[in-house]
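To keep things clear, I will list the structure first and then write my remarks on it.
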Amino acid sequence: MRTSVLRQAGLCRAAFAARHIQISSKSSAALLSQITRVAAVQSLPSASPPRFYSAEATAQTDNAGSDGLITRFADLASLGVHENVVRAITRGMGYENMTEVQSMTISPALKGKDIVAQAKTGTGKTLGFLVPVVQKIIAQEPELAYAPNRFGGKRARSDDIRAIIISPTRELAEQIGEEARKLVRGTGLIVQTAVGGTQKREMLYRTRQQGCHILVGTPGRLNDLLSDSGSGIDAPRLSTLVLDEADRMLEVGFDEELRQILQFLPDRKVLPRQTLLYSATIPKDVVGLARTYIDKNNFEFVQTVKADEVLTHDRIPQYIVPVKGFENIYPALLELVLKGIKESQTNPDALPFKAIVFLPTTAEVIVANQIFRRLKYNFRDIPRTWDIHSKLTQNARTRSANDFKDARTGILFSSDVTARGMDFPNVSHVIQCHTPPNREQYIHRLGRTGRANKPGQGWLIIPDIELQVARNKLPGLPIKRNDELQCATVDAADTGAAKHPHFEHIADAVSKLPHEAFKECYQSYLGGALQGVDRQKLVYALNDLSKFGWGLDQPPAVKPGIAAHLGRVQGLRVESREDRHRMGGPGHRRDLPGRGRRQSDDPFDNVLDRAQSLDRRPSRREQASF
DNA sequence: AAAAAAG
């Protein structure tokens, strides 16, 4: 039985220390300067100062701020929200109090304003945009507030879609669709989802059959359906467009696809529509892009985060574990997992152990899951594990996501496909291995824990060669160094020393992997997953991993094209014809261990000690905390 | 060769 995470009672009692920037604002806050300046010029001549809502200001007026802001869902009726919708929230979904972002966005959105909203992870942004989406459709066609019955009611069409919600991943689109269906239960509104990896024909059949008012989807499939004039899917009277994870949707790659989708939607100048942009992170450069999507004369930028406030939750401790080499990562991860399990068993206040482990490439996600499945034979306490990434079939992805949502305990090994928006209830640990691609992605990944005021903890496992890059990418976050994991500092190359037993357990699990897995892992790291890390150091680190972590005699050979693109790096083995033949041949067995032996004439030669740091010092005012 | 997203 899936329970929605957002147990919202109490959320809105948290201090209302939010900034509420009106279009008339002359705020000079750096983040907003661009957007607010334009708005200020074009709108009210008598600019009023930005309004700040503080805990003091709202303490006495529980239900309404000075702006008539309401904080209880039951009071939405006073803003004209239909009782069937209110009932779906208060009875069906079981929510009573609004979160800050809901309170501050729903009423202006109900008035028809475009919204750019930034609020921390796990604070209910989805419901925040769904309520105005639903109510607007009902306002246009009041009979849609009621489910059709034999006495009447309008039959929904597939070519009269009123709202489109776009998400960066398929699972997030499905999740939003589920929440939307809960919200419209009891009304006549129909929600459909359109994502890749699913049977397009089935979706089209269902949609033509049932109709659609609210379409939730990912860019590729939406584009596919809308560009196909024979699909029967159309939105000539579109009233609302929502970009969830807006900053991500405006990034290169998605932006072009978005532009195409917009081509198939009614021209805003002919048919004005409402646009809602929501995210936990809205970097400065994205604010400029957002401008092209919103009505400059009628919008609000709502931030429930103060100007200099950190975007992560104070109650979620964040730790970094610097580890010596790549080969230390799995032993350290195992140590951390066992420690977390023990904590959940001994500390009655701790959540059951439910972790997401983020890894930088799909190849590594697969390997990690294989390794931990094997480790379960030796460590009975390790819970069930899943993996999820784009190379799985959509069915497998959906199964992993749903199983992990429903699980009390478990470990989900994941690529960045689940980094944003996914609502896995009661995640106790978010563990990020290697340096995340950027600061925003770190914040979103961490946001998979600590949702709806729940506890949780965040961990980073970072090899020494990435440490400076990690500092550059993660300034201004309260990340504390943690030196408690014994496996972190073990020198896997030191044959003399007795290693921590976890190294042997990992070696056993690794020995069951096919050689192809190592090759794919090795190559995947060379493709820019660790942007900013010195290529030469990376190759040496991977060669150490091959030898001391995977027990290989020589590093996997890479395709000639990769070597050519990397240019002048030492220690790279390039694939020869024989290699390809051997690899494809039947019964190939890789040579086992030989761990710890170092031969001076092979490409493993570790010259790391001599390598000079090529990393530049950060020029930012803000420094990393570790 | 690197998350993701259309087949």
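So you know, we letter chains A, B, ... as the sequences are listed, proteins then strands, and number each from 1. FYI, side chains are in, hydrogens and waters are out, and symmetry mates aren't considered; it's all heavy atoms of this structure.
Counted by atom type alone, Q536(A) and Q570(A) present zero donor-acceptor pairs between their side chains at under 3.5 Å.
Crowding of R157(A) atom CZ: a count of heavy atoms from other residues, nucleotides or ligands under 6.0 Å not exceeding 12.
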**Asked** What one-letter contact string describes nucleotides 2-7 of chain B from 5' to 3', where B marks a base within less than 4.0 Å of any protein heavy atom, S marks contact via sugar-phosphate atoms alone, and - marks no contact?
**Response** BBBBBS
**Prompt:** Do D244(A) and K125(A) pass the salt bridge (Lys or Arg N to Asp or Glu O under 4.0 Å) test, and can you show the C-alpha distance, the side-chain angles, and the key distance before you say yes or no?
**Reply:** CA-CA 9 Å; D244(A) 197 13; K125(A) 291 187 282 294; over 6 Å; no
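Every residue two or more places apart in sequence or in another chain that forms a side chain to side chain contact (heavy atoms under 4.5 Å, CB included) with R268(A) is listed here: R273(A). In this view, E520(A) and A363(A), E516(A) satisfy the side chain to side chain contact (heavy atoms under 4.5 Å, CB included) rule, not counting sequence neighbours.
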